[in-house]
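Worksheet for the structure shown next.
Just so you know, these numbers come straight off a predicted model, no measurement behind them.
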Amino acid sequence: MPTDVLLARFVRELAPLGTRAVWAHGSLAGGDYQEGRSDLDLVAVLREPPRLKTVRKVATAHRRLRAEPLAGRLHCSYVAPATLDDPERPHLTWAHGRLMRRPVTPVTRRELHDFGRVLSGEAPAGLLPEVPDAELRGFVVRDQRDYWRPAVDRARLWRQDIWVDLGLLTFARATVTLREGRLVTKREALGELRELGAPEEVVADIERRRYPDTAPGTDPAPGAATAGGPDRAPGTGTAPAPADDHRLTVRAELTRAYLGPAIDALVATYG
């Protein structure tokens with residue numbers, strides 16, 4: 001399996017850094033992973049905060065993997081025990097083919113504690129602070145209010161598969177977390193969307209494209225769009241064919257008409 005080969009090589013590439021642990025979270029750990037579609041979301045624990053020399057070694061390690069299948073989907077944050085207390089602190093991260101800094105969020109931290117997969121070294125329980133329920137809820141509300149709700153007003157975004165998929169699925173997952181205090185996968189969130197009254201036409205479209213093995217029909221709808229991009233950093237995709245244009249417009253309108261008021265209600269209830 002290309003995923004296993006890539007992960008094994010990645011752990012070997014990081015060995016010279018003296019990592020204490022390498023963990024997987026997200027779909028790779030939660031049982032919803034689809035090879036070739038899902039990202040490989042990882043966290044590497046270093047012995048001390050990375051200095052310039054370490055940053056260069058991290059970049060070199062990732063660039064060595066570029067020829068490997070799926071390497072473009074491998075994202076990894078580099079943390080140290082001394083810097084893990086603050087969930088808002090940005091950490092060195094390789095994602096989308098470059099280095100950046102971003103936090104290891106409360107959702108990621110809870111995933112690691114609940115079902116994180118240990119690829120090497122110590123388990124999360126021994127290194128990562130627990131996530132209080134209030135902290136998790138607060139993050140989820142802010143993410144819906146401050147990131148997704150403003151995005152709903154940017155109409156052009158919602159002609160892309162990735163925005164429709166993640167906007168609705170993230171909302172459903174947020175609803176379950178706020179209502180029940182637990183995390184669910186994207187696949188589980190599809191069923192929740194139906195219970196929440198999301199437009200069936202749009203939910204079926206997501207299911208058909210993302211989970212053709214379980215969707216009622218496995219063939220794409222006529223003129224189905226295939227534009228996409230990585231989670232939380234969607235690309236522009238390719239311009240739709242003229243016959244596709246109306247379908248994309250209708251789907252975008254249905255999604256935005258549902259999601260805007262739904263997020264407002266969620267935030268009003270739990271914010």
Side-chain angles (χ1 to χ4, degrees), residues 1-131 136 139 183 185-186 230-233:
M1 185 176 181
T3 299
D4 293 333
V5 172
L6 175 60
L7 292 174
R9 183 178 172 191
F10 180 65
V11 170
R12 291 196 301 271
E13 290 285 350
L14 294 189
L17 298 178
T19 51
R20 291 186 60 174
V22 181
W23 306 321
H25 60 98
S27 60
L28 186 60
D32 197 27
Y33 179 74
Q34 293 178 293
E35 189 166 80
R37 174 183 287 276
S38 302
D39 290 334
L40 290 83
D41 297 314
L42 309 178
V43 173
V45 183
L46 307 176
R47 297 189 180 280
E48 59 184 25
R51 300 179 181 179
L52 181 59
K53 184 178 180 180
T54 304
V55 172
R56 290 171 177 162
K57 289 181 178 180
V58 165
T60 298
H62 282 277
R63 287 172 182 143
R64 284 176 180 160
L65 298 173
R66 281 180 171 171
E68 293 280 353
L70 309 178
R73 294 190 171 276
L74 191 153
H75 306 156
C76 187
S77 293
Y78 293 84
V79 304
T83 63
L84 277 173
D85 286 341
D86 182 3
E88 296 185 5
R89 179 180 180 133
H91 298 274
L92 179 69
T93 299
W94 179 274
H96 314 307
R98 63 186 180 90
L99 286 172
M100 61 183 73
R101 289 188 177 273
R102 65 186 187 189
V104 177
T105 71
V107 169
T108 294
R109 292 163 181 256
R110 179 63 69 88
E111 287 180 350
L112 287 168
H113 276 291
D114 286 358
F115 52 80
R117 176 178 167 187
V118 178
L119 302 180
S120 72
E122 303 172 51
L127 295 171
L128 187 66
E130 291 280 353
V131 182
L136 179 64
F139 172 81
L183 304 178
T185 66
K186 293 185 179 76
D231 285 6
R232 291 300 295 268

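A donor-acceptor pair is defined here as one N or O able to donate and one able to accept, closer than 3.5 Å; no such pair exists between the side chain of R117 and the backbone of H25. Judged by distance alone, with hydrogens and angles left aside, the side-chain atoms of H113 form a donor-acceptor pair with the main-chain N or O of P129 at under 3.5 Å. Remark: the backbone N or O of D41 is not paired with any side-chain donor or acceptor of D39 at under 3.5 angstrom. A donor-acceptor pair under 3.5 Å is absent between the side-chain atoms of R47 and the main chain of A80, judged by distance alone. Listed for the E111 side chain is a donor-acceptor partner under 3.5 Å among the backbone atoms of G26. Listed for the W23 side chain is a donor-acceptor partner under 3.5 Å among the backbone atoms of E122. A donor-acceptor pair under 3.5 Å is formed between the side chain of T60 and the backbone N or O of R56. For T93 (side chain) and H91 (main-chain N/O), a donor-acceptor pair under 3.5 Å exists by modelled atom type.
For the residue pair P81 and V45, the shortest heavy atom distance occurs at CD-CG1, 3.8 Å. Contact record, V104 with R109: O-NE, 2.7 Å, taken as the closest heavy-atom pair. When all heavy atoms of P103 and P87 are compared, the closest pair comes out as CB-O, 3.4 Å. Residues G30 and T185 share a closest heavy-atom pair of O-CG2, 3.7 Å. Across all their heavy atoms, P124 and V118 have their closest contact at CD-CG2, 3.9 Å. A pairwise comparison of heavy atoms in V107 and L183 identifies O-CD1, 4.1 Å as the closest pair.
Here the straight-line distance linking atom CG of L119 with atom CG of D4 works out to 9.5 Å at 0.5 Å rounding. The OG atom of S27 lies 8.0 Å from the CD atom of Q34; values are rounded to the nearest 0.5 Å. Remark: K57 NZ to Y78 OH distance equals 13.0 Å, nearest 0.5 Å. Here the straight-line distance linking atom OG1 of T108 with atom CG of L42 works out to 11.5 Å at 0.5 Å rounding.
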Quick one: do H62 and F10 satisfy ring-ring contact (aromatic ring centres under 6.0 Å, His included)? Show the steps, please.
CA-CA 8 Å; H62 282 277; F10 180 65; 5.2 Å; yes
Taking it one step at a time, do L28 and L7 satisfy side chain to side chain contact (heavy atoms under 4.5 Å, CB included)?
CA-CA 11 Å; L28 186 60; L7 292 174; 4.0 Å; yes
Any chance you could lay out the side chain to side chain contact (heavy atoms under 4.5 Å, CB included) test for V22 and V43, step after step, and finish with the verdict?
CA-CA 6 Å; V22 181; V43 173; over 6 Å; no
Going through the checks in order, is the side chain to side chain contact (heavy atoms under 4.5 Å, CB included) test met by L40 and E35?
CA-CA 9 Å; L40 290 83; E35 189 166 80; over 6 Å; no
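Here the rule is side chain to side chain contact (heavy atoms under 4.5 Å, CB included) with P49, and of T83, T54, V79, L92 only T83 fits it.
Contact check for R110 versus F115: no side-chain heavy atoms found under the 4.5 Å cut-off. Between P2 and L6 the shortest side-chain heavy-atom distance does not fall below 4.5 Å. Taking the side chain as every heavy atom from C-beta outward, L14 and L17 approach each other to under 4.5 Å.
No hydrogens or angles considered: a donor-acceptor pair under 3.5 Å links the side chains of T3 and Y33.
In this pair, H75 and H96 present their aromatic rings perpendicular. The plane angle is above 60°, beyond the 30 to 60° band.
Taking 4.0 Å as the cut-off between side-chain N and carboxylate O, K186 and D32 do not count as a salt-bridged pair.
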